[in-house]
Amino acid sequence: MRYLPLTDTDRADMLAKIGASSIDDLFVDVPAVAQLDGPIHDLPMHASEMAVERHMKSRAGKNLAAGDAPFFLGAGAYRHHVPASVDTVIQRGEFLTAYTPYQPEIAQGTLQMLFEFQTQVARLYGCAVANASLYDGSTACWEAVAMATRLTRRKRAVLSGALHPHYAQVVKTMAQFTGDDIADAQPAIQTEPDLEGLISRIDEETACVVVQYPDILGRISDLSKVAEAAHAKGALLVAVNTEPVALGAIKSPGELGADIVVGEGQSIGVGLQFGGPYLGLFAVRDPKHVRQMPGRLCGETTDAEGKRGFVLTLSTREQHIRREKATSNICTNSGLCALAFSVHMTLLGEKGIRELAAENHRLACLTADRLERVPGVTLLNNAFFNEFTVMLDGKPAREVVRDLADRGVLGGVSLGRLYPGVQALENALLVAVTETTTEEDIDRLATELHDVLAAAQAKEPAQ
């Protein structure tokens, strides 16, 4: 049965057990002025289950779903094809039912998966050690800043202006409770990232510099320059990656000198899912920093009979050790999403991830070339992976996105929405392309964007 209601007898027995004569007695401590004296205004009365299902299905039918239209949205969440075999494997009993890895004798499936997952993330990021995952990319970014402040014993973090604004906001929100100084900035609207401006903000009090790779505008930075400048001041470089598929085509952050690499793993194995649950990735380049990592770390060992086995090796969090010694309050890992990531990555292999990345980049280049031929569209980027920024003439990008949606095209993310009030970004449109994009989708976007901008320009004289 889907729903087991209480009977009047059940309620009476429960009230009698706690010594209350009615349900109203449970609310005697709530001031009368705060209690409702009738139905909530404008809220309909209860309906049957079937009526609610019909209503919600009707409302859902008004959505324009990712698979029902040409789709070019990105900005930290990407639509990739997830093979059906991923869902089949993650539902196997040794993975799906083993919730907690505290007892290795009954959780070998979960522990081995997490061990393999850690290896995959470490190799992808060019690092020595990765943990068993965190909640999502934004909270992983904050955990990296917190870890850097512990390692350097400094309290200042310098954020690149081209860090995803949601990630920056999470960092600033959490820093309110730790007293850390967060030096953020706005993105510079230019072809190349402003690395010199970022480097000039690093001083002897800086614990870390946080740089997105590729950045929020889709640009690809030479992290080695920032790493060298940060290390010269005794600071650490934190690299943030929101599109792990990109690392099949460009150098890993660890290779370029990043000390801590974090990011979002949603692109591999995990669907868009209305924004979550997602998967935080976290790795360090230097093994000596392992004890300051947040979350869990699974390791390989041998049992009493000498057989290979897996255990929870390290978990420096408040559930396991004294609170004052905890590195974070991360209370779990994103186990199911990590499993999906690991299964998809295993199916791809190194060759597959490189081929997938190459196809993403090829389609993105086709899209950029096609959009550049649309009057009123200017490509900002010199270099990009599968996401780039275009500047639109004559109309704010937010309005263009809405007009495109009305025409059945999900045409990108308005940077004006991500940066409200920043006038320089009002006409900036972030376009993401993956292997799910067809050449017909690209032509459709270009055609509809041409018509939307032409209509806007035709109205200008009358205004």
Side-chain angles (χ1 to χ4, degrees), residues 71 74 77-90 92 95 109 112-133 137 213-214 218 220 222-224 239-256 258 261-272 278-283 285 298 300 308 334 336-368 383-388 432-439 441-442:
F71 187 87
Y78 303 92
R79 181 178 179 239
H80 290 281
H81 174 67
V82 179
S85 48
V86 172
D87 190 53
T88 299
V89 173
I90 67 175
R92 288 180 62 94
F95 298 129
Q112 180 172 355
M113 177 279 294
L114 291 174
F115 180 81
E116 304 293 356
F117 166 83
Q118 291 168 178
T119 304
Q120 291 168 329
V121 173
R123 291 193 63 185
L124 189 68
Y125 278 177
C127 289
V129 186
N131 72 8
S133 81
Y213 175 79
I220 301 172
D222 181 0
L223 295 183
S224 61
V240 176
N241 170 262
T242 63
E243 171 54 296
V245 175
L247 300 179
I250 61 179
K251 282 189 175 182
S252 68
E255 288 181 85
L256 297 174
V261 186
V262 300
E264 177 55 63
Q266 171 272 325
S267 279
I268 299 177
V270 183
L272 289 169
Y278 281 174
L279 171 65
L281 309 181
F282 195 108
R285 188 165 54 94
C298 294
E300 181 182 347
R308 184 188 190 211
S334 294
L336 191 60
C337 292
L339 172 60
F341 176 101
S342 190
V343 172
H344 194 181
M345 185 66 80
T346 301
L347 291 168
L348 287 169
E350 182 176 346
K351 181 181 178 182
I353 191 70
R354 292 189 185 280
E355 290 177 349
L356 178 62
E359 179 65 2
N360 274 243
H361 183 58
R362 181 187 74 84
L363 290 166
C365 289
L366 283 178
T367 307
F384 55 86
F385 170 61
N386 70 346
E387 192 167 31
F388 54 85
V433 184
T434 72
E435 75 283 358
T436 64
T437 307
T438 67
E439 294 189 24
D441 292 339
I442 297 169

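What you see is a predicted model; the values in this text were computed from it and never measured. Positions are given from 1, in the same order as the sequence printed here.
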Shortest non-hydrogen contact from [X] toward [Y]:
| X | Y | result |
| --- | --- | --- |
| Ala357 | Gly248 | CB-C, 3.7 Å |
| Leu124 | Ser252 | O-CB, 3.5 Å |
| Leu223 | Ala239 | CD1-CB, 4.0 Å |
| Ser334 | Ser133 | N-OG, 2.9 Å |
| His80 | Thr436 | C-CG2, 3.8 Å |
| Phe385 | Pro214 | CB-CG, 4.5 Å |

[X] vs [Y] side-chain heavy atoms within contact, under 4.5 Å:
| X | Y | value |
| --- | --- | --- |
| Leu279 | Gln266 | no |
| Val245 | Ile268 | yes |
| Leu339 | Phe95 | yes |
| Leu347 | Val86 | yes |
| Glu439 | Leu366 | yes |
| Tyr213 | Val240 | no |

- Task: State which residues pass salt bridge (Lys or Arg N to Asp or Glu O under 4.0 Å) with Glu359; sequence neighbours excluded, sorted by chain then number.
- Result: Arg362
- Item | Sequence neighbours excluded, every pair satisfying salt bridge (Lys or Arg N to Asp or Glu O under 4.0 Å) that has a member inside residues 120-132 | Arg123-Glu350
Would you please name every residue forming a side-chain hydrogen bond (donor to acceptor under 3.5 Å, both in side chains) with [X], sequence neighbours left out?
| X | value |
| --- | --- |
| Glu264 | none |
| Ser342 | Gln120 |
| Ser85 | none |
| Glu387 | Tyr78 |

- Message: Apply side-chain contact (heavy atoms from CB on, under 4.5 Å) to residues Asn360 and Leu363 and explain how you reach the verdict.
- Response: CA-CA 5 Å; Asn360 274 243; Leu363 290 166; over 6 Å; no
Mind checking side-chain contact (heavy atoms from CB on, under 4.5 Å) for [X] and listing every partner two or more places apart, or none if nothing turns up?
| X | value |
| --- | --- |
| Thr437 | Phe72, Val433, Thr434, Asp441, Ile442 |
| Glu355 | Lys351 |
| Leu348 | His344, Ile353, Leu356 |
| Ala122 | Ala130 |

- Item | Side chain Arg285, main chain Cys127, donor-acceptor under 3.5 Å |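 No, the answer is negative, given that no donor and acceptor are paired below the 3.5 Å cut-off.
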- Donor-acceptor pair, side chain of Tyr278 and main chain of Leu272, under 3.5 angstrom: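 Confirmed, Tyr278 side chain pairs with Leu272 backbone.
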I need the [X] [atom1] to [Y] [atom2] distance, nearest 0.5 Å.
| X | Y | atom1 | atom2 | answer |
| --- | --- | --- | --- | --- |
| Ile220 | Ile250 | CD1 | CD1 | 4.5 Å |
| Gln112 | Cys298 | CD | SG | 11.0 Å |
| Thr346 | Met113 | OG1 | CE | 10.5 Å |

- With sequence neighbours excluded, what pairs up with Phe388 under the ring-ring contact (aromatic ring centres under 6.0 Å, His included) test? Phe384
- Message: Just to verify, what does Phe117 make a ring-ring contact (aromatic ring centres under 6.0 Å, His included) with, not counting sequence neighbours?
- Response: Phe341
- Message: Testing the 3.5 Å rule here: is there a donor-acceptor pair between the side chains of Gln118 and Asn131?
- Response: no
